[in-house]
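Let me begin by presenting the structure, written as structure tokens, before commenting on it.
Only a predicted model underlies this, so the values are computations on that prediction, with no experimental measurement involved. Order of the sequence lines fixes the chain letters, A, B, ..., with proteins taken first and strands second; residue numbering starts at 1 for each chain.
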Amino acid sequence: MSEAQTRPVVTRFCPSPTGNPHVGMARTALFSWAYARHHGGKFVFRIEDTDASRDTQESYDLLIDVMRWLGLDWDEGVEVGGPDGPYRQSERMDIYAEVAQKLIDAGFAYKAYDSPEELEERRNAARAAGKPSGYDGAHRDLTPEQQAAYEAEGREPVIRFKMPQKDWTFTDLVRGEITFGAENVQDFVIVRANGQPLYTLTNPTDDAMMGITHVLRGEDLLSSTPRQIALYEAFAEIGIGGGFTPEFGHLPFVMGTGNAKLSKRDPESNLLDYKPKGFLPEGLLNYMALLGWSIADDRDIFSIAEMVEAFEISAVNANPARFDIKKCEAINGDHIRLLPIDELVERLQPYFVDAGLFGTGGPTPEQLSLLTSAAPLVHERMALLTEAVAMLNFLFVDDAEFVINDDDRAKSLDDSGLDVVRTARGALADLGEWTAESIEAALRGALIDGMGLKPRLAFGPVRVAITGSRISPPLFESVELLGRERTLARLDAVL
RNA sequence: GCCCCCGUCGUCUAGCGGCCUAGGACGCCGGCCUUUCACGCCGGUAGCGCGGGUUCGAAUCCCGUCGGGGGUACCA
């Protein structure tokens with residue numbers, strides 16, 4: 001058992017703040033988070049913003065917002081601090097410079113002066129000869145004189161890490177034992193000629209210094225693992241980090257359309273869209289967990305707490321999963337149905353504000369009371385919270401702005417439909433008690449018993465007249481909530 | 001080219017040599033319920049990439065092959 005396995009678990013999430021946060025990223029964060037929580041460990045949130053040309057503050061802010069919305073809390077990292085900060089790589093540049101120098105001083109790294117053209121030429125030659133195309137180690141053992149000669153030419157060196165010549169075998173947490181032959185893992189650049197440290201150095205340096213025990217990341221990083229392990233072994237020699245090498249687990253990609261992983265091109269990849277579309281964080285989380293993991297063979301709806309309780313990285317599937325928005329919505333619908341009514345009312349309010357149905361300050365007491373009464377009517381009718389706005393619009397919209405869908409009007413409010421509305425109006429006009437029960441009794445009596453209509457034909461026209469659509473919440477309850485005055489006005493309006 | 005990973009219904013998955021005439025979920029198609037739409041319930045559709053082994057027995061193990069993906073950067 002490795003030392004990383006016997007220590008308290010520390011995992012991390014370390015995105016680069018470029019563009020909008022996406023689903024693949026969140027799934028990786030979720031698994032790392034769940035692993036730490038399951039083992040009672042710590043979760044670190046670090047930002048890898050070493051590429052000033054692509055990183056933006058806006059993207060950073062979005063990342064924070066989205067993690068908070070999802071509820072993936074972190075014990076150490078940006079915004080909250082911790083003992084191993086700072087947690088933005090842009091603020092750690094001096095650390096990387098120092099680490100690079102130590103590696104050189106201890107003989108683990110060296111300056112290489114090959115020009116890009118020379119490298120490419122040799123790479124092509126190696127490839128043509130059927131050999132691996134990585135760095136050939138030409139400048140591995142340059143004498144001080146040779147180095148001086150290159151410097152005299154005006155060449156700026158990169159710093160390369162000197163890979164020990166041995167095979168690399170490690171046990172991936174999701175894939176099992178993996179081996180890379182010595183000849184396939186060559187010396188790699190850790191600092192650019194312009195002095196900028198590369199991901200290859202900054203990421204392992206921070207993981208080591210922050211005591212990360214389990215590195216869970218995308219499978220695109222699988223083949224760079226031997227290099228990181230080698231770096232860790234060197235770190236142990238020069239006193240950086242805790243002196244141990246973490247365990248690695250490479251998560252499968254989340255696929256979009258075609259055979260490519262989910263990218264900006266796929267509309268469902270943008271995490272920022274989920275909240276406005278009406279997804280619940282717990283619904284999205286549940287769905288993302290299903291991309292590569294399952295809680296049981298006959299179950300796929302669970303809470304985040306249940307996921308934490310059951311999550312094991314070894315149970316994660318190694319093959320890529322395709323994102324299916326339909327299933328994601330279905331699962332979201334199940335989570336909506338799991339919400340207590342008062343909680344649903346709470347979550348619904350921002351959407352009514354956004355739709356302009358409530359003022360920006362939130363609902364008036366009357367509106368809140370109406371929403372509370374109406375919420376049960378739509379609870380089982382939506383997969384997305386935004387659907388409630390469409391279904392309940394007729395109750396909250398100003399009467400002057402109430403409109404009836406043209407198609408529905410044409411289909412339901414023809415001459416016979418208007419006869420029905422007229423009769424319904426008469427039956428409701430001086431109804432004593434205004435409740436769903438009495439309304440149903442009055443309408444059934446007048447339209448079904450009185451006119452001899454089938455329920456569908458009897459209630460359809462009334463439904464369209466008062467809700468504006470052939471599809472609506474249950475009619476009698478809707479009429480009750482709309483109130484006598486407004487109901488009669490809407491019936492009159494179509495006659 | 002070289003290296004690595006992956007391969008069960010359309011999709012997500014269960015399956016770790018016999019419980020599999022392969023289970024669940026989403027989707028889709030029927031039906032029931034029903035004032036519309038949903039929910040719920042019932043039923044159906046559809047899969048172990050291929051070929052060899054090993055074994056009494058293979059979706060499960062081995063080899064090969066094909067397919068897909070990733071890496072091979074002074075990207076991450």
Where the side chain of A:Arg175 is concerned, which of B:A76, B:C6, B:C26 is the nearest nucleotide? B:C6
Looking across every strand, which nucleic acid part, if any, lies under 4.0 Å from A:Asp114 by heavy atom: base, sugar-phosphate, or nothing? base
Under the 6.0 Å and 45° cation-pi test, does A:Arg88 pair with A:Tyr60? yes
Checking side-chain polar atoms at under 3.5 Å, does A:Ser469 have a donor or acceptor matched by the opposite partner on A:Ser472? no
Rounding to an integer number of angstrom, what distance separates B:C61 and B:C48 when you compare their C1' atoms? 15 Å
Mate of B:A22 across any strand shown (Watson-Crick or G-U wobble, both atom pairs under 3.5 Å) is none
B:A14 OP1/OP2 closer than 4.0 Å to side-chain N/O of A:Ser294: yes
Closest listed nucleotide, where the reference is the side chain of A:Ile471 and the choices are B:G69, B:G27, B:U36: B:U36
I want to check something: taking the side chain as every heavy atom from C-beta on, are A:Pro15 and A:Phe45 in contact at a cut-off of under 4.5 Å? yes
Are any non-hydrogen side-chain atoms of A:Val174 and A:His250 less than 4.5 angstrom apart? no
For A:Ala330, which contact category applies under a 4.0 Å heavy-atom criterion: base, sugar-phosphate, or nothing? sugar-phosphate
Between B:G47 and B:C28, how far apart are the C1' atoms? Round to whole Å, please. 16 Å
Is there a side-chain polar atom (N or O) of A:Arg192 under 4.0 Å from OP1 or OP2 of B:C75? yes
Between A:Arg155 (CZ) and B:C74 (P), how many Å, whole number? 15 Å
Under 4.0 Å between any heavy atoms, over every strand shown, what does A:Thr18 touch: base, sugar-phosphate, or nothing? Just pick one. nothing
Among the nucleotides B:U35, B:C26, B:C75, whichever has the atom closest to the side chain of A:Lys327 is B:C26
Here's a test of your reading of the structure: between A:Pro455 and A:Glu156, which maps to the more 5' nucleotide of RNA chain B? A:Pro455
In whole angstroms, how far is the C1' atom of B:G71 from the CH2 atom of A:Trp168? 17 Å
Looking across every strand, which nucleic acid part, if any, lies under 4.0 Å from A:Leu221 by heavy atom: base, sugar-phosphate, or nothing? base
Counting C-beta onward and ignoring hydrogens, is there a side-chain heavy-atom pair between A:Val403 and A:Val397 closer than 4.5 Å? no
If you look at every strand shown and take non-hydrogen atoms under 4.0 Å, does A:Lys131 touch a base, only sugar-phosphate, or nothing? base
Whole angstrom is fine here: how far is it from CG in A:Asp51 over to P in B:A76? 6 Å
Atom-pair distance (CG on A:Leu291; P on B:C12), nearest Å: 8 Å
Looking only at B:C2, B:G1, B:U36, the nucleotide nearest the A:Ser133 side chain is B:G1
Tell me which nucleotide among B:A76, B:U35, B:A38 gets nearest to the side chain of A:Arg381. B:A38
Can you tell me, in whole Å, how much space there is between the C1' of B:G67 and that of B:G51? 14 Å
So what's B:C37 paired with, Watson-Crick or G-U wobble, going by both distances under 3.5 Å? none
Less than 4.0 angstrom between a side-chain N/O of A:Arg123 and OP1 or OP2 of B:C2, yes or no? no
Any idea which of B:C5, B:U35, B:C2 is nearest the A:Phe459 side chain? B:U35
Is there a ring-ring contact (aromatic ring centres under 6.0 Å, His included) between A:Trp168 and A:Phe248? Walk through the geometry before answering. CA-CA 13 Å; A:Trp168 301 90; A:Phe248 291 87; over 10 Å; no
Touch class at under 4.0 angstrom, heavy-atom based, for A:Leu198 against every strand present: sugar-phosphate
Select base, sugar-phosphate, or nothing to describe what A:Gly460 touches, counting heavy atoms under 4.0 Å on all strands. nothing
Which part of the nucleic acid, if any, lies within reach of A:Phe188 when heavy atoms closer than 4.0 Å are counted: base, sugar-phosphate only, or nothing? nothing
Tell me what A:Tyr199 touches on the nucleic acid: a base, only sugar-phosphate, or nothing, going by heavy atoms under 4.0 Å. base
Scanning all shown strands, the Watson-Crick or wobble mate of B:A14 with both distances under 3.5 Å is none
Is the closest side-chain heavy-atom distance between A:Leu142 and A:Tyr110 below 4.5 Å? no
Would you mind classifying the nucleic acid contact of A:Arg127 as base, sugar-phosphate or nothing, using non-hydrogen atoms under 4.0 angstrom? base
In terms of the nearest nucleotide of RNA chain B, which residue is placed more toward the 5' end: A:Asp334 or A:Glu177? A:Glu177
Which whole number of Å gives the distance between the P atom of B:C50 and that of B:C66? 15 Å
Below the 4.0 Å mark, does B:C12 have OP1 or OP2 next to a side-chain nitrogen or oxygen of A:Asn319? no
From C-beta outward on A:Leu475, which listed nucleotide comes closest to its side chain: B:G70, B:U35, B:C74? B:U35
If you measure from the P atom in B:C12 to the same atom in B:G69, how many Å do you get, rounded? 15 Å
In whole angstroms, the gap separating P of B:C41 from CD of A:Glu380 amounts to 11 Å
On a whole-Å scale, what distance lies between the C1' atoms belonging to B:G49 and B:C9? 14 Å
Mind checking who B:C28 pairs with, Watson-Crick or G-U wobble, both distances under 3.5 Å? B:G44
Sugar-phosphate, base or nothing in reach of A:Arg463, heavy atoms under 4.0 Å: base
With rounding to whole Å, what would you report as the distance between B:G27 and B:U11 at their P atoms? 16 Å
Could you state the CE-C1' distance from A:Met382 to B:C37, rounded to the nearest angstrom? 13 Å
Indicate, with a heavy-atom threshold strictly under 4.0 Å, whether A:Arg160 touches base, sugar-phosphate, or nothing. sugar-phosphate
For B:G64, which nucleotide is its Watson-Crick or G-U wobble mate, given both distances must be under 3.5 Å? B:C50
At under 4.0 Å, does any side-chain N or O of A:Asn317 touch on OP1 or OP2 of B:A14? yes
State the pairing partner of B:C75; accept Watson-Crick or G-U wobble contacts with both distances under 3.5 Å, and report none otherwise. none
Picking from B:G70, B:U36, B:C74, which would you name as closest to the side chain of A:Arg456? B:U36
Quiz item: cation-pi between A:Arg227 and A:Phe188, 6.0 Å / 45°: yes
Looking only at atom C1', what distance separates B:A22 and B:G40, rounded to whole Å? 28 Å
Answer yes or no: does a side-chain N or O of A:Arg444 lie under 4.0 Å from OP1 or OP2 of B:U35? yes
Please tell me which of the listed nucleotides, B:C74, B:U35, B:C4, lies nearest to the side chain of A:Pro474? B:U35
Are the aromatic ring centres of A:Phe108 and A:Phe235 under 6.0 angstrom apart? no
Taking any heavy-atom pair under 4.0 Å as a contact, classify A:Val189: base, sugar-phosphate, or nothing. sugar-phosphate
Against the side chain of A:Leu290, the closest entry in B:C5, B:C12, B:G40 is B:C12
What's the OH-P distance between A:Tyr287 and B:U11, to the nearest Å? 12 Å
Need one value for A:Asp297: base, sugar-phosphate or nothing, where a base atom within 4.0 Å counts as base even if backbone is also close, heavy atoms only. base
Counting neighbours of CD on A:Glu58 that are heavy atoms of other residues, nucleotides or ligands and sit closer than 6.0 Å, is the number greater than 12? no
